[in-house]
Asker: 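Here it is, the structure, as structure tokens.
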Amino acid sequence: MQNLSGKIGQLKESLLRSVSTRQITQLEGDRRQNLVDELLTKERQLQTSFQREGAEPDLVRSSLMAGGARSSSRNNPWVLEEPEETRGFTFQEIKQQQHQIIREQDAGLDALSSILARQKQMGQDIGNELDEQNEIIDDVSALVDTTDSKIRNQTRHIKLVDGKSGSCAMMVVIVLLLVAIVVVAVWPTH
């Protein structure tokens, strides 16, 4: 309780310093002063609850958590009602429950981390495979280009040979007709 009183005193001094040096606005200083005042009220309630004999600890804790009147809890966003899940629990049980939740979240984060690591590795493997496939495509493209130029050259050669063979065939036909005329002319007619 003395530690709590000391901390509240330090809060008051820090608040006064912040307002006087204009680190925070006057409106924010007033809001924080109201919160410190509510803390002082709760400290007094806590001291009286320790002094009272036979008081029900859950009722005292609930009244401290609820902030007394309902209207003050509506005006103050920092005052919350104790959740249903923790009613009737001691502070140690609540702390254990929170530690269990944190352990479960850590396990979930570890599983998520391993999944992300696997996906990262898969992405890198896919990237490497794509690089290899791009190299193969580039090689095939170069081969297609050289083959295409060879085919064009051969087609040009075939056209030349075809053109030459066409004129050669006509020469052969002319020579054969000439030979036929000579044979017919020399052939004795009776």
Side-chain angles (χ1 to χ4, degrees), residues 1-139 141:
M1 290 300 294
Q2 290 173 350
N3 188 14
L4 178 62
S5 297
K7 296 286 183 184
I8 292 174
Q10 288 175 357
L11 271 175
K12 284 170 110 177
E13 290 172 17
S14 174
L15 179 61
L16 287 174
R17 240 181 288 118
S18 296
V19 170
S20 64
T21 59
R22 301 209 182 266
Q23 291 177 340
I24 59 174
T25 64
Q26 185 63 40
L27 186 64
E28 179 64 16
D30 292 342
R31 187 186 72 79
R32 291 183 184 185
Q33 183 61 48
N34 288 339
L35 292 173
V36 169
D37 291 342
E38 287 183 27
L39 253 176
L40 283 169
T41 304
K42 295 223 187 261
E43 178 198 15
R44 288 186 201 115
Q45 287 177 350
L46 196 58
Q47 284 177 350
T48 57
S49 71
F50 277 131
Q51 292 170 356
R52 275 193 270 158
E53 289 289 329
E56 185 66 38
D58 286 340
L59 292 176
V60 173
R61 186 174 70 184
S62 295
S63 69
L64 285 174
M65 295 293 285
R70 291 277 180 222
S71 63
S72 69
S73 67
R74 268 187 250 129
N75 295 335
N76 186 355
W78 299 103
V79 177
L80 302 173
E81 276 199 44
E82 185 175 5
E84 191 68 38
E85 300 85 36
T86 59
R87 281 205 184 121
F89 285 12
T90 65
F91 289 116
Q92 188 63 30
E93 290 171 334
I94 293 172
K95 187 176 178 181
Q96 287 174 350
Q97 184 182 27
Q98 289 174 343
H99 283 295
Q100 177 62 32
I101 290 170
I102 290 171
R103 281 192 295 273
E104 290 171 0
Q105 288 175 345
D106 286 345
L109 289 174
D110 289 342
L112 181 61
S113 174
S114 67
I115 289 170
L116 290 175
R118 275 193 309 244
Q119 287 182 342
K120 177 184 175 187
Q121 184 60 44
M122 287 172 57
Q124 289 173 341
D125 290 344
I126 289 171
N128 292 339
E129 183 67 26
L130 285 174
D131 290 342
E132 290 175 17
Q133 294 295 325
N134 283 338
E135 288 177 19
I136 292 171
I137 288 172
D138 290 342
D139 292 345
S141 178

Asker: For E132 and N128, test the side chains for any donor-to-acceptor distance below 3.5 angstrom and give the result as yes or no.
Answerer: no
Asker: Just distance, no hydrogens or angles: give the donor-acceptor pairs under 3.5 Å from side chains in residues 118-127, sequence neighbours left out.
Answerer:
unit_1: Q121; atom_1: NE2; unit_2: D125; atom_2: OD1; d: 3.0

Asker: Any sub-3.5 Å donor-acceptor pair from S141's side-chain atoms to I137's backbone N or O?
Answerer: no
Asker: Atom CG in L35, atom CG in L40: separation rounded to 0.5 Å?
Answerer: 11.5 Å
Asker: What pairs of donor and acceptor atoms, side-chain ones from residues 98-112 against any protein atom, are under 3.5 angstrom apart with sequence neighbours left out?
Answerer:
unit_1: Q100; atom_1: OE1; unit_2: R103; atom_2: NH2; d: 2.9
unit_1: Q100; atom_1: NE2; unit_2: E104; atom_2: OE2; d: 3.1

Asker: Could you give the side-chain donor-acceptor pairs of residues 17-25 under 3.5 Å, partners two or more places apart or in another chain?
Answerer:
unit_1: S18; atom_1: OG; unit_2: S14; atom_2: O; d: 3.0
unit_1: S18; atom_1: OG; unit_2: Q23; atom_2: OE1; d: 3.4
unit_1: S20; atom_1: OG; unit_2: L16; atom_2: O; d: 3.0
unit_1: S20; atom_1: OG; unit_2: R17; atom_2: O; d: 3.1
unit_1: T21; atom_1: OG1; unit_2: R17; atom_2: O; d: 2.7
unit_1: T25; atom_1: OG1; unit_2: E28; atom_2: N; d: 3.1

Asker: side-chain hydrogen bond (donor to acceptor under 3.5 Å, both in side chains) with Q92: which residues, sequence neighbours excluded?
Answerer: none
Asker: Which atom pairs, one a donor and one an acceptor, fall under 3.5 Å between side chains of residues 5-12 and the rest of the protein, sequence neighbours left out?
Answerer:
unit_1: S5; atom_1: OG; unit_2: M1; atom_2: O; d: 3.1
unit_1: S5; atom_1: OG; unit_2: E43; atom_2: OE2; d: 2.2

Asker: Taking only residues two or more places apart in sequence, or in another chain, which ones meet E129 in a side-chain hydrogen bond (donor to acceptor under 3.5 Å, both in side chains)?
Answerer: Q133
